[in-house]
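Notes follow once the structure below has been shown.
By convention here, the first residue in the shown sequence is residue 1.
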Amino acid sequence: MPALGFGVFQSSSAKSSVSEALRAGYRHIDSAQYYRNEAQVGQAVRESELSREDVFLTSKVLSYGAGYQGVHSAVVESLKRFKFEYLDLFLLHDPNGGKRHRLASWKALLELKAAGKLRNTGVSNFGVKHLQEIKDAGMELPSVNQIELHPLCQQRPIVEFCLANDIVVQAYSPLLQGNLSHPMFSQIAEKHNKTPAQVVLRWSLQKGFVPVTQE
């Protein structure tokens, strides 16, 4: 998994933004069914000069479209929209729906991984309780937990759980949605002759997180 991702949340022009991101050197693109731009992302990758294996593609399904059968159907639908035979990572987008629903959804993802439709499986916005449920059920733990994470939202309990259980922590909103006016960022940036954006991204990378920036 590349150390830096490019997210396309709320992107109505995902094809052009992903094409530009790939030209700039990004090799990790983060989409979701909720974003409604999987087809655009897939088109941008196919029209690039890169091979499919060179680009790490992620998508997600919300809890209301999950459940055992729902996840099986959701992955098939995503693959059709991307027009690829597999995805590198597929996440449960949120932990809503109750324990039985979460575990059934997770079981389905693991089956799809075993079938070769997914290279890796993970979750997003899961807390310690939700991951502990999977562990207690004796199931394979997620490869990834994608959570909001930056210097002003450090979420230490879930981060510590993930690191202790070899779960990669992906950080969404690593640039605080562009709100980098905190004096701390400016002071550190000035001291090291960097921009505030570079400072907060370096914080994520030094912590071992995988930041997913947004266009």
Holding to ring pair (Phe, Tyr, Trp, His ring centres under 6.0 Å), I want the full list of residues that pass it with [X], two or more places apart in sequence or in another chain.
{"X": "His101", "value": "none"}
{"X": "Tyr86", "value": "none"}
{"X": "Tyr172", "value": "none"}

Q. Taking only residues two or more places apart in sequence, or in another chain, which ones meet Asp88 in a salt bridge (charged side-chain N to carboxylate O under 4.0 Å, His left out)?
A. Arg52

(Q) Tell me whether Ser16 contacts the main-chain N or O of Ser13 through its side chain, where contact means a donor paired with an acceptor under 3.5 Å. (A) yes

Q) Between Ser48 and Arg23, is there a donor-acceptor pair closer than 3.5 Å when you use the side chain of the first and the backbone of the second? A) no

Transitive ILVMFWY side-chain link [X] to [Y], under 4.5 Å:
{"X": "Tyr34", "Y": "Val212", "result": "no"}
{"X": "Val75", "Y": "Trp106", "result": "yes"}
{"X": "Phe209", "Y": "Leu205", "result": "no"}

Q: Decide if atom CZ of Arg100 counts as having more than 12 heavy atoms of other residues, nucleotides or ligands within a radius under 6.0 Å.
A: no

(Q) Within a 6.0 Å radius of atom CD on Gln177, are there more than 12 heavy atoms belonging to other residues, nucleotides or ligands? (A) no

Distance in Å, [X] [atom1] paired with [Y] [atom2], rounded so as to fall on 0.5 Å steps:
{"X": "Gln43", "Y": "Ser19", "atom1": "CD", "atom2": "OG", "value": "8.0 Å"}
{"X": "Gln170", "Y": "Ser143", "atom1": "CD", "atom2": "OG", "value": "10.0 Å"}
{"X": "Ser31", "Y": "Arg36", "atom1": "OG", "atom2": "CZ", "value": "11.5 Å"}
{"X": "Gln154", "Y": "Glu160", "atom1": "CD", "atom2": "CD", "value": "10.5 Å"}
{"X": "Thr58", "Y": "His28", "atom1": "OG1", "atom2": "NE2", "value": "4.0 Å"}
{"X": "Thr121", "Y": "Leu141", "atom1": "OG1", "atom2": "CG", "value": "10.0 Å"}

Just list the side-chain donor-acceptor pairs under 3.5 Å for residues 178-193, sequence neighbours left out, or say none.
| residue | atom | partner | partner atom | Å |
| --- | --- | --- | --- | --- |
| Asn179 | OD1 | Ser181 | OG | 3.1 |
| His182 | ND1 | Met184 | N | 3.0 |

(Q) Under 4.5 Å side-chain heavy-atom separation, chaining through any Ile, Leu, Val, Met, Phe, Trp or Tyr, what else clusters with Met1? Say none if it is isolated. (A) Phe56, Leu89, Leu91, Val144, Val168, Val210

Q) Can we say Lys60 and Asp94 salt-bridge, meaning some charged N sits less than 4.0 Å from an Asp/Glu carboxylate O? A) no

(Q) I need the minimum non-hydrogen distance between Pro142 and Gly122, along with the two atoms involved. (A) CB-CA, 3.8 Å

Q) Which pair of non-hydrogen atoms, one from Pro157 and one from Val128, has the smallest distance, and what is that distance? A) O-CG2, 3.8 Å

Who pairs with [X] by side-chain contact (heavy atoms from CB on, under 4.5 Å), at least two apart in sequence or on another chain?
{"X": "Ile147", "answer": "Asn145, Leu149, Gln155, Ile158, Val159, Val169"}
{"X": "Gln40", "answer": "Ala14, Lys15, Asn37"}
{"X": "Thr195", "answer": "Ala197, Gln198"}
{"X": "Pro95", "answer": "Arg102, Asn125, Phe126, His130"}

**Q.** CA sep, side-chain torsions, deciding dist, call: Leu131, Val123, side-chain contact (heavy atoms from CB on, under 4.5 Å)
**A.** CA-CA 9 Å; Leu131 293 176; Val123 296; 3.9 Å; yes

Q | Tyr35/Ser59 under side-chain contact (heavy atoms from CB on, under 4.5 Å): CA gap, chis, key distance, verdict | A | CA-CA 9 Å; Tyr35 303 168; Ser59 195; over 6 Å; no

Let me check something: any side-chain donor-acceptor pairs from residues 76-84 under 3.5 Å, sequence neighbours excluded? List them with distances.
| residue | atom | partner | partner atom | Å |
| --- | --- | --- | --- | --- |
| Ser78 | OG | Gln33 | NE2 | 2.8 |
| Ser78 | OG | Glu38 | OE2 | 2.6 |
| Ser78 | OG | Ala74 | O | 3.4 |
| Arg81 | NE | Glu38 | OE1 | 2.6 |
| Arg81 | NH2 | Glu38 | OE1 | 3.1 |

Q.
Between Val200 and Leu175, does the side-chain contact (heavy atoms from CB on, under 4.5 Å) criterion hold? Intermediate values first, please.
A. CA-CA 6 Å; Val200 294; Leu175 296 174; 3.4 Å; yes

Q: Decide side-chain contact (heavy atoms from CB on, under 4.5 Å) for Asn165 and Phe161; before the verdict, give the C-alpha distance in whole Å, the side-chain angles of both, and the deciding distance to 0.1 Å.
A: CA-CA 6 Å; Asn165 287 277; Phe161 183 95; 3.6 Å; yes

Compile the donor-acceptor pairs under 3.5 Å between side chains in residues 107-119 and protein atoms, sequence neighbours left out, one pair per line.
| residue | atom | partner | partner atom | Å |
| --- | --- | --- | --- | --- |
| Glu111 | OE1 | Tyr68 | OH | 2.5 |
| Glu111 | OE1 | His72 | NE2 | 3.0 |
| Glu111 | OE2 | Tyr68 | OH | 3.2 |
| Lys113 | NZ | Glu140 | OE2 | 2.6 |

